[in-house]
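One structure is given below, encoded as structure tokens.
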Amino acid sequence: MRKKLCILLSILTAGLLPGCHSGIEPDLSGYASGPAQIPVEILGELDGETRQALTGEPKYIALTFDDGPRADTTGRLLDGLAARGAAATFFIIGAQVEGNEYLLCRMAADGHQIGNHTYSHTRLTTVDTEHMVEEINKSEVVLREVVGNRTFWLRPPYGQMDTKRAKEVKTPMIYWTVDPQDWKLLDAAKVVDAVVNHVQSGDIVLLHDFYATSVDAALQIVDRLQAEGFVFVTVEELFRIQGLTPQAGTLYAKPGKTRPLP
């Protein structure tokens, strides 16, 4: 990272310091004072650690939760996130909404992002395109009835999508960069270690608010990483912070990094 940082700084300063090897002090009076502005195109290509070192901005991370809502676990998670001032993104299964509408209302009121995880958690690459569109649209209808008209970014179940079906998706699609397999471990301490030992600024973390151990882990992750200077934001905010606009039908591992589709 240090080598990359030095190279980037030399590129950025080269144009501002003409004749620096000539022994004649350059006239810099025509340049505005203050730090050099790093082009968004460059920032979007950097890893989170390098970006943070260049800009001095906080380290941003997005926690995402799939397969909810569930009354006991999701409610406790929302309590914990609110107490810590942390935002997150929830990819909702449409069939789970009935009876849990108040949880979605609270997500919206607390500033969390609400996304679409299809109506019945169907593996979209195994059904025909018409069925896939129905799964997405049916869930969107349910979500809009509860929290109003907005755009619900899609997380395909199991992260699976292909080029043909992606053409029918009208929103950005979100994958992840850190997957502790919390659904498999069912052990909060192991999930916490799997995240905090690997996460970098700009990452998107996959968790599931359906499991009590995952809720325990998520809140411990927030505590650990906030102490290290991380700020927890929604996926939409993560893109906005990096000055990037995600495109419909594209599967993103994180801002600036797409997931290749078969």
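The structure presented is a predicted model; accordingly, all values stated were derived computationally and were not measured.
- Looking only at distances, no side-chain donor or acceptor of Arg144 sits under 3.5 Å from a matching main-chain atom of Thr151.
- When every heavy atom of Thr73 is checked against every heavy atom of Ala212, the shortest pair comes out as CG2-N, 3.8 Å.
- Shortest non-hydrogen contact noted between Leu78 and Phe90 is CD2-CZ, 3.8 Å.
- Considering only heavy atoms from C-beta on, Val205 stays 4.5 Å or farther from Ile221 through its side chain.
- Side-chain atoms of Asp203 come within 3.5 Å of backbone atoms of Gln200 as a donor-acceptor pair (strictly under, hydrogens ignored).
- To the nearest 0.5 angstrom, Tyr119 atom OH is 10.5 Å from Glu134 atom CD.
- When hydrophobic clusters are built by joining Ile, Leu, Val, Met, Phe, Trp and Tyr residues whose side-chain heavy atoms come closer than 4.5 Å, directly or via intermediates, Phe65 is grouped together with Met107.
- Rounding to the nearest 0.5 Å gives a distance of 8.0 Å between CH2 of Trp183 and OH of Tyr211.
- For the pair Thr234 (side chain) and Ala88 (backbone), a donor-acceptor distance under 3.5 Å is absent.
- Between His112 and Thr89, the closest side-chain pair of non-hydrogen atoms is not below 4.5 Å.
- Although no hydrogens or angles enter the test, the distance criterion places a donor-acceptor pair under 3.5 Å between the side chain of Thr126 and the main chain of Arg123.
- Side chains of Ser120 and Ile93 form no contact here, defined as non-hydrogen atoms less than 4.5 Å apart.
- Residues Arg155 and Thr64 bring a donor and an acceptor atom of their side chains to less than 3.5 Å of each other.
- A salt bridge links Arg165 to Asp162: one of the charged nitrogens lies within less than 4.0 Å of a carboxylate oxygen.
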Subject >> Chi angles and distances behind the salt bridge (charged side-chain N to carboxylate O under 4.0 Å, His left out) call for Arg106, Asp79 >> reply: CA-CA 10 Å; Arg106 183 173 176 190; Asp79 289 340; 2.6 Å; yes
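- Proximity of a side-chain donor or acceptor of Arg259 to a complementary backbone N or O of Leu251 within less than 3.5 Å is not detected.
- The salt bridge (charged side-chain N to carboxylate O under 4.0 Å, His left out) contacts involving residues 208-237 comprise Arg76-Asp216, Arg84-Asp223, Glu236-Arg240, where partners must be two or more places apart or lie in separate chains.
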**OP:** For side-chain contact (heavy atoms from CB on, under 4.5 Å), just list the numbers for Gln226 and Val231, CA-CA rounded to whole Å, side-chain angles, deciding distance to a tenth of an Å, and then say yes or no.
**Re:** CA-CA 6 Å; Gln226 281 184 334; Val231 177; over 6 Å; no
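- Val97 places a side-chain heavy atom less than 4.5 Å from the side chain of Val146.
- Rounded to the nearest 0.5 angstrom, Gln181 CD and Leu186 CG are separated by 11.0 Å.
- For Trp153 and Phe239, the gap between ring centers is short of 6.0 Å.
- Paired with Leu238 under the rule side chain to side chain contact (heavy atoms under 4.5 Å, CB included), one option of Val233, Ile61, Leu244 passes, and it is Val233.
- When hydrophobic clusters are built by joining Ile, Leu, Val, Met, Phe, Trp and Tyr residues whose side-chain heavy atoms come closer than 4.5 Å, directly or via intermediates, Leu219 is grouped together with Leu103.
- Taken from CD in Gln247 to OG1 in Thr258, the straight-line distance is 11.5 Å, to the nearest 0.5 Å.
- Both Val215 and Leu63 are assigned to one and the same hydrophobic cluster, defined by single-linkage of ILVMFWY side chains at heavy-atom distances under 4.5 Å.
- When all heavy atoms are compared, the tightest approach of Met161 to Ala166 is SD-N, 3.6 Å.
- Inter-residue side-chain proximity for Pro172 and Thr250 is flagged as unmet; no heavy-atom pair is nearer than 4.5 Å.
- One side chain, Glu135 or Thr122, offers a donor N or O that lies under 3.5 Å from an acceptor on the other.
- In this structure, CG on Leu77 lies 14.0 Å from CZ on Phe210, to the nearest 0.5 angstrom.
- Looking at Glu98, its side chain never comes within 3.5 Å of a backbone N or O of Gln96 through a donor-acceptor pair.
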Subject >> side-chain contact (heavy atoms from CB on, under 4.5 Å) between Lys164 and Thr129, worked out >> reply: CA-CA 8 Å; Lys164 177 183 176 181; Thr129 302; 4.0 Å; yes
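- Between Lys254 and Tyr252 the shortest side-chain heavy-atom distance does not fall below 4.5 Å.
- Hydrophobic clustering, with ILVMFWY side chains joined whenever heavy atoms are under 4.5 angstrom apart, keeps Leu206 apart from Val199.
- Here the closest non-hydrogen pair linking Ile204 and Ala253 is CD1-O, 3.5 Å.
- Atom NE2 of His198 has 12 or fewer heavy atoms from other residues, nucleotides or ligands within 6.0 Å.
- Annotation: side chain of His117 is in contact with side chain of Asp67 (closest heavy-atom distance under 4.5 Å).
- Annotation: Tyr158 is in aromatic contact with His121 [ring centroid separation under 6.0 Å].
- Closest non-hydrogen pair, Pro69 versus Asn100, comes out as O-ND2, 3.4 Å.
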**OP:** For salt bridge (charged side-chain N to carboxylate O under 4.0 Å, His left out), just list the numbers for Asp72 and Arg70, CA-CA rounded to whole Å, side-chain angles, deciding distance to a tenth of an Å, and then say yes or no.
**Re:** CA-CA 6 Å; Asp72 53 350; Arg70 177 175 172 175; 3.2 Å; yes
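- The minimum heavy-atom distance between Ala108 and Val147, with the atom names listed, is CB-CG1, 4.3 Å.
- Between the side chain of Thr213 and the main chain of Ala188, no donor-acceptor pair closer than 3.5 Å is present.
- Note: Ile136 CD1 to Met173 CE = 8.0 Å, rounded to the nearest 0.5 Å.
- If you check the side chains of Asn116 and Ser139, you find a donor sitting under 3.5 Å from an acceptor.
- Cluster membership for Leu225 and Val222, using ILVMFWY side-chain heavy atoms within less than 4.5 angstrom, is shared.
- Counting heavy atoms from C-beta outward, Ile174 and Phe91 have side chains that approach closer than 4.5 Å.
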